[in-house]
Amino acid sequence: MSTYQAPKGTFDLIPPKSATFLAVREAMSAVARRAGYGYVETPAFEDTALFKRGVGESSDIVTKEMYTFTTRGGDSLTLRPEGTASVVRAVLQHNLDKGALPVKLYYSGSYFRYERPQKGRYRHFSQVGAEALGSEDPLVDVEIIMLAAEAFRDLGLRQVRLLLNTLGDSECRPVYRAALQQFLRGLDLDEDTRARIDINPLRVLDDKRPEVRAQLTDAPVIADYLCDACKAYHEEVRSLLSIGGVAFEDDPRLVRGLDYYTRTTFEFVHDGLGAQSAIGGGGRYDGLSQELGGPPLPSVGWALGVDRTVLALEAEGVAVPGSGRGVDVFAVPLGEAARHLLFGLVQKLRRAGVSADFAFGGKGLKGAMKAADRSGARYAVVAGERDLSADVVQLKDLESGEQVPVPIDRLVSTIKEKLS
RNA sequence: GUGGGUGUAGCUCAGCUGGCAGAGCGCCAGGUUGUGGUCCUGGAUGUCGUGGGUUCAAGUCCCAUCACUCACCCCA
């Protein structure tokens with residue numbers, strides 16, 4: 001124990017688990033890159049007003065979860081609670097929307113929300129996101145969803161379910177919203193929930209309390225209120241997903257926490273994470289650009305939770321490929337002359353693209369071999385006075401235990417050959 | 001903001017109705033003065049989260065406090 005520890009709701013990523021996090025980030029990023037999405041990186045903080053406007057004043061994120069601070073100059077800034085608002089801001093700021101559409105971008109980074117931590121919910125968390133901006137084409141929705149499904153599949157997750165819904169648009173949603181409000185007002189609800197009826201009634205559908213859920217069974221569903229355009233759009237998305245072989249479940253109760261979503265919304269959930277079952281989610285946000293002062297820019301995107309995906313992998317007992325690798329070679333010197341020679345050979349190996357480590361600290365041979373073993377190296381290079389005077393080093397295969405002398409000037413080529 | 005659970009060795013945890021601080025794993029050393037992963041032997045490491053109280057005596061009981069954790073509201 002030390003005097004200091006990581007702040008509440010945060011955690012350190014340390015080996016060996018940190019390798020899994022890297023692998024998850026990489027797998028998620030890779031599917032986006034393969035599909036022509038370019039990397040975008042925006043600041044970790046933005047003008048507070050961007051999130052208030054973008055995420056929505058009525059969302060809980062804005063009302064109670066933002067890390068907001070005032071600069072010396074008097075500006076109000078906020079650590080980003082999510083990625084989409086920042087990306088849309090960047091696209092508009094740099095006029096990317098004036099070029100070829102859709103603009104396809106992906107990102108990977110840290111996000112911040114001030115909440116009570118629990119399993120899968122942290123104050124500092126990690127997401128990989130992808131956004132396709134400026135195209136109102138059901139195939140884009142489908143591409144986005146398929147990419148996320150592919151990322152989870154590449155990682156080896158099996159128990160992932162895709163939930164799908166539509167939230168309608170500016171034409172039909174208000175009608176549904178009014179009907180829902182009327183229904184909700186007739187229920188027996190606590191004060192906070194009653195307040196939400198006026199602010200964002202859709203979110204009441206998401207309540208998990210049994211006494212609330214019981215009353216929601218006969219709630220009106222959006223499907224009955226969709227306008228023709230939204231209905232057609234949603235049917236198209238559904239049928240394209242089916243043609244593409246992507247399994248999904250219609251979930252008319254699926255509402256998301258951010259105010260900007262329109263039409264397609266979806267969530268990837270995993271059973272086995274505890275209460276925080278969503279490992280990724282997203283949807284279409286056709287009105288967000290205009291909300292932020294830009295032109296109409298119908299867009300769709302997702303964010304996948306890196307931390308939660310790691311939890312899901314653990315729950316399934318899946319080992320991520322490539323996350324447990326050590327170095328290729330470990331050097332074990334005996335005596336001062338060998339220390340200098342082997343240290344030099346380690347540099348040569350590294351320059352040749354072979355990962356290599358070294359027994360530092362003048363350990364005894366036994367201790368150094370132990371270190372070699374723990375490093376996960378495939379080969380150990382051992383050398384002492386005897387070998388040096390013969391211009392060789394001992395190359396030991398740590399799996400088979402076989403050991404052969406190799407001339408010093410042929411070590412790098414010999415190892416490269418064996419590793420290929 | 002609300003409710004539950006847990007704080008004992010580096011890690012995972014045991015420790016009964018109060019009576020000398022424990023195990024497994026890991027770590028270090030030796031068995032093997034030039035060879036790891038198996039095996040054997042030995043060793044080190046604790047303000048029992050913190051502060052107070054009850055008691056002859058507190059890891060154990062009581063109070064407070066802090067931390068962690070799970071869940072609710074809500075969300076990736």
Side-chain angles (χ1 to χ4, degrees), chain A residues 1-2 4-11 28 55 58-65 80-84 109-129 148 189-193 195-196 199-200 203-204 206-212 255-258 266-270 273-283 302-312 330 332-335 338 359 363-388 393-403:
Chain A
M1 273 305 244
S2 65
Y4 301 107
Q5 54 182 319
K8 184 194 284 292
T10 69
F11 57 90
M28 291 171 170
V55 176
S58 68
S59 70
D60 271 38
I61 290 176
V62 167
T63 55
K64 58 182 193 187
E65 294 174 3
R80 58 186 179 190
E82 59 101 40
T84 304
S110 296
Y111 298 85
F112 309 88
R113 289 182 202 171
Y114 189 85
E115 307 176 270
R116 283 290 280 267
Q118 71 190 66
K119 189 177 179 72
R121 184 168 72 182
Y122 310 104
R123 291 182 173 185
H124 170 207
F125 57 104
S126 221
Q127 289 185 337
V128 173
L189 299 169
D190 63 282
E191 198 180 321
D192 284 351
T193 310
R196 210 175 309 135
I199 303 165
N200 194 332
R203 206 161 297 119
V204 178
D206 214 16
D207 203 304
K208 284 183 200 151
R209 290 171 295 186
E211 66 272 23
V212 177
V255 293
R256 302 189 35 81
L258 288 61
F266 56 90
E267 204 164 275
F268 290 87
V269 297
H270 190 278
L273 292 191
Q276 310 309 319
S277 58
I279 58 175
W302 46 241
L304 311 183
V306 176
D307 321 280
R308 287 188 181 178
T309 300
V310 171
L311 289 173
F330 198 94
V332 174
L334 285 138
K363 289 189 186 40
L365 178 62
K366 191 186 170 98
M369 283 304 294
K370 245 183 153 86
D373 188 46
R374 279 189 289 238
S375 74
R378 178 69 202 278
Y379 296 101
V381 173
V382 185
E385 299 293 333
R386 264 188 347 235
D387 308 298
L388 264 51
V393 294
Q394 301 295 327
L395 180 60
K396 179 165 186 172
D397 183 323
L398 288 172
E399 278 172 34
S400 67
E402 254 175 72
Q403 179 170 309

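Here is how names work: the chains are called A, B, and so on, in the same order as the sequence lines, proteins then strands, and each is numbered from 1. Side chains are part of it too, since the values below use all heavy atoms of this structure and drop only hydrogens, waters and symmetry mates.
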**OP:** Spell out yes or no: do the side chain of A:Arg121 and the base of B:C70 have one donor N/O and one acceptor N/O closer than 3.5 Å?
**Re:** no

Original post:
Is there a donor N/O on one and an acceptor N/O on the other, under 3.5 Å, for the side chain of A:Asp373 and the base of B:G37?
Top reply: no

Original post:
Is the ring centre of A:Phe11 less than 6.0 Å from the ring centre of A:Tyr122?
Top reply: yes

**OP:** Decide whether A:Asp397 and A:Gln403 meet the rule of one side-chain donor and one side-chain acceptor closer than 3.5 Å.
**Re:** no

**OP:** May I have the step-by-step check of salt bridge (charged side-chain N to carboxylate O under 4.0 Å, His left out) for A:Glu115 and A:Arg123, ending in yes or no?
**Re:** CA-CA 6 Å; A:Glu115 307 176 270; A:Arg123 291 182 173 185; over 6 Å; no

When rounded to the nearest Å, what value does the distance between [atom1] atoms of [N] and [M] take?
N	M	atom1	result
B:G49	B:G7	P	8 Å
B:G22	B:U69	P	31 Å
B:U54	B:C66	C1'	23 Å
B:G15	B:C68	P	26 Å
B:G46	B:C11	P	14 Å
B:A71	B:C63	P	27 Å
B:U55	B:C62	C1'	12 Å
B:U8	B:A58	C1'	14 Å

**OP:** Please work out if A:Ala278 contacts a base, only the sugar-phosphate, or nothing of the nucleic acid, heavy-atom cut-off 4.0 Å.
**Re:** sugar-phosphate

**OP:** Report, as a single string ordered 5' to 3', how protein heavy atoms within less than 4.0 Å touch nucleotides 27-35 of chain B: B base, S sugar-phosphate only, - not at all.
**Re:** SS--B--BB

Subject >> Along RNA chain B (nearest heavy atom to each residue), the more 5'-positioned of A:Pro7 and A:Phe125 >> reply: A:Pro7

Original post:
How do A:Arg308 and A:Pro117 order along RNA chain B: which one's closest nucleotide is nearer the 5' end?
Top reply: A:Pro117

Original post:
Can A:Glu399 and A:Arg378 be counted as an ion pair, charged N to O under 4.0 angstrom?
Top reply: yes

Original post:
Are A:Lys396 and A:Glu402 within salt-bridge range, i.e. N to O under 4.0 Å?
Top reply: no

Original post:
What stems involve RNA chain B, if each pair must be Watson-Crick or G-U and both of its distances must be under 3.5 Å, with 3 or more such pairs in a row?
Top reply: B:1-7 with B:66-72, B:10-13 with B:22-25, B:27-31 with B:39-43, B:49-53 with B:61-65

Original post:
Rounded to whole angstroms, how far apart are CD on A:Glu402 and C1' on B:G36?
Top reply: 16 Å

Original post:
Does the side chain of A:Gln118 get closer than 4.0 angstrom to OP1 or OP2 of B:A71 through an N or O atom?
Top reply: yes

